[in-house]
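Small disclaimer: the values here were computed from a predicted structure and weren't measured.
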Amino acid sequence: MTKIRSVVLGCGSYLPEQVVTNAQLAARIDTSDEWIVQRTGIRERHIAAEGEFTSHLAIQAAQAALTDAGVDAQSIELIVLATSTPDNTFPATAVAVQHGLGINHGAAFDLQAVCSGFVFALATADNFLRTGAYKRALVIGAETFSRILDWNDRGTCVLFGDGAGAVVLEAQEQPGNAATDRGIVTTHLRSDGRHKAKLFVDGGPSSTQTVGHLRMEGREVFKHAVGMITDVIVDAFQATGLDADSINWFVPHQANKRIIDASAHKLHIAPEKVVLTVDRHGNTSAASIPLALAVARKDGRIKKGDLVLLEAMGGGFTWGSALVRW
């Protein structure tokens with residue numbers, strides 16, 4: 001029996017021009033390049049310029065994805081933008097992107113799941129496409145986390161960066177075989193609000209009427225991360241009958257190299273299958289997975305027919321996985 005799958009037609013990314021190295025941070029706060037690299041794997045990150053908003057980054061990434069897909073912006077019927085750093089409280093930053101692309105039809109909305117945002121947005125768009133509600137969608141992860149950092153807190157400010165990534169999805173009929181179908185094969189999403197205090201922003205319109213700053217209990221996040229990540233990946237394997245040997249590429253959320261390495265080891269995924277960009281981008285939250293996808297696509301690693309495993313974990317806690325055949 002055939003199935004409708006959400007097939008990736010193209011992907012694109014955008015990084016702000018300004019690069020901040022560990023050495024530059026060490027000149028401002030009590031840290032060092034060695035300390036940051038040893039604990040996180042991060043060497044540099046991109047920071048948005050003054051007046052450069054999340055929507056600006058998202059529009060650039062979306063245009064790159066549309067070009068890569070070879071499709072016109074007017075063919076897009078749905079835009080789902082994952083972000084924790086919107087331009088405004090409202091309207092959704094997605095409508096600014098929609099307008100920036102010259103689209104005035106269909107639907108556009110934001111989705112908030114912090115670092116898991118892109119996986120959640122991918123799953124959301126996939127469900128819309130599979131029902132037949134829309135034919136073609138843009139899924140974007142875009143962040144300007146530099147705007148919510150306490151630049152005197154060395155435990156958090158060294159970790160994050162700004163950027164955006166996007167994919168174009170199209171509903172296509174496939175044979176209905178999880179082992180060979182192109183497109184999104186399965187997605188698995190989880191959340192548990194008991195862990196809010198471990199990773200949150202201490203402000204908001206309703207609570208403080210301010211933006212606030214990111215606060216994190218790093219050790220607690222690390223302690224939960226590997227177990228939660230592997231949990232939803234095991235679910236993906238069980239749902240499809242696939243396994244770690246079936247995977248061509250593992251593209252995890254780029255938060256911390258030690259978490260990525262530990263997750264891959266626990267899942268028996270070979271190191272050479274892991275796409276790593278955390279050293280160049282830092283943690284770009286919802287943008288990290290599509291940024292990494294764009295890098296691996298551009299350098300020729302990810303090819304048509306490859307099975308790609310995505311996973312992420314973020315504040316809330318939220319976490320999720322997606323299996324996608326390119």
Side-chain angles (χ1 to χ4, degrees), residues 15-16 18-48 50 52 54 57 82-86 112-118 141-164 193 195-204 207-208 210-226 228-229 252-262 276-289 291-292 312-319:
L15 291 163
Q18 182 185 5
V19 176
V20 176
T21 65
N22 291 346
Q24 288 173 295
L25 288 178
R28 295 164 45 186
I29 58 173
D30 181 20
T31 190
S32 68
D33 176 67
E34 182 184 15
W35 188 90
I36 298 170
V37 172
Q38 182 182 12
R39 286 163 177 77
T40 70
I42 299 167
R43 298 183 181 275
E44 62 185 33
R45 70 287 294 147
H46 291 252
I47 302 296
E50 185 177 351
E52 190 174 37
T54 295
L57 276 57
T83 187
S84 298
T85 51
Q112 223 287 42
V114 201
C115 298
S116 306
F118 184 77
E143 304 281 15
T144 48
F145 253 54
S146 60
R147 307 275 157 78
I148 58 170
L149 297 177
D150 177 351
W151 287 97
N152 294 311
D153 178 6
R154 71 168 189 165
T156 58
C157 75
V158 302
L159 303 178
F160 295 90
D162 302 334
H195 302 289
K196 173 190 170 183
K198 297 178 176 66
L199 180 55
F200 71 107
V201 169
D202 59 0
S207 57
T208 64
T210 63
V211 175
H213 291 109
L214 185 148
R215 306 300 179 192
M216 181 174 71
E217 298 176 16
R219 290 181 181 176
E220 285 296 307
V221 174
F222 189 97
K223 185 173 74 175
H224 286 84
V226 175
M228 288 177 169
I229 289 165
H253 167 48
Q254 306 289 313
N256 183 304
K257 187 177 183 297
R258 291 195 297 164
I259 293 174
I260 294 169
D261 289 346
L276 277 172
T277 57
V278 68
D279 57 329
R280 291 163 280 170
H281 300 165
N283 182 346
T284 54
S285 189
S288 82
I289 288 175
L291 279 168
M313 175 200 165
F317 286 150
T318 60
W319 63 104

Find the distance between NZ (Lys223) and CE (Met228) and round it off to the nearest 0.5 Å. 10.5 Å
Give me the one residue out of Leu276, Asp279, Thr284, Asn283 that meets side-chain contact (heavy atoms from CB on, under 4.5 Å) with Gln254. Leu276
Shortest non-hydrogen pair, Thr83 vs Ala142, comes out as OG1-O, 2.7 Å
Of all heavy-atom pairs between Gly163 and Ala287, which one has the smallest distance, and what is that distance? O-CB, 3.3 Å
Taking all non-hydrogen atoms of both residues, which atom of Gly212 and which atom of Val201 are closest, and how far apart? C-CG1, 3.7 Å
Ion pair check, Arg215 and Asp202, cut-off under 4.0 Å: yes
May I ask you to decide if Asp30's main-chain N or O and Trp35's side chain share a donor-acceptor pair within less than 3.5 Å? no
Answer yes or no: is there a side-chain heavy-atom contact under 4.5 Å between Val221 and Met216? yes
Could you give the distance from OG1 (Thr156) to CD (Glu217), rounded to the nearest 0.5 Å? 12.5 Å
State, yes or no, whether a side-chain contact exists between His281 and Ser288 at a heavy-atom distance under 4.5 Å. no
Please report the shortest heavy-atom distance between Gly117 and Ala286, naming the atom on each side. CA-CB, 4.2 Å
Step through the shown structure and confirm whether more than 12 heavy atoms of other residues, nucleotides or ligands are within 6.0 Å of CZ on Arg43. no
Shortest non-hydrogen pair, Leu57 vs Ala164, comes out as O-CB, 3.4 Å
Would you say the side-chain atoms of Glu44 pair up with the backbone N or O of His46, donor to acceptor, closer than 3.5 Å? no
Pairwise distance OG(Ser285) to CG(Leu159) - rounded to 0.5 angstrom: 12.0 Å
Could you tell me whether the side chain of Ser146 and the main chain of Ile47 form a donor-acceptor pair under 3.5 Å? no
Of all the heavy-atom pairs spanning Ala312 and Ile289, show the shortest one and how long it is. CB-CD1, 3.9 Å
If we only count heavy atoms from C-beta on, is the Ser84 to Phe145 side-chain gap below 4.5 Å? yes
Please say whether more than 12 non-hydrogen atoms of neighbouring residues, nucleotides or ligands are located less than 6.0 Å from NZ in Lys257. no
Please report the interatomic distance CD(Glu52) to CZ(Arg147), rounded to the nearest 0.5 Å. 7.5 Å
Under the side chain to side chain contact (heavy atoms under 4.5 Å, CB included) test, residues paired with Ala225 that sit two or more places apart: Ile229, Ile259, Met313
Should the pair His195 and Phe317 be assigned to parallel (<30°), tilted (30 to 60°) or perpendicular (>60°) ring geometry? parallel
Taking the side chain as every heavy atom from C-beta outward, state whether Asp33 and Leu25 have any pair of such atoms under 4.5 Å apart. no
Atom CD in Gln24, atom CZ in Arg45: separation rounded to 0.5 Å? 9.0 Å
Quick check: do Val158 and Ile29 have side-chain heavy atoms less than 4.5 Å from each other? yes
Are the side chains of Val211 and Ile148 in touch, meaning some heavy atoms are under 4.5 Å apart? yes
Step by step, would you call Val20 with Gln18 a side chain to side chain contact (heavy atoms under 4.5 Å, CB included)? CA-CA 7 Å; Val20 176; Gln18 182 185 5; 3.9 Å; yes
Nearest-0.5 Å distance, CG of residue Leu214 to CG of residue Asp150: 9.5 Å
Is the closest side-chain donor-acceptor distance between Thr85 and Glu143 under 3.5 Å? yes
Are a donor atom and an acceptor atom from the side chains of Asn256 and Thr40 found within less than 3.5 Å of each other? no
Flag for Thr144-Thr54: side-chain donor and acceptor within less than 3.5 Å: yes
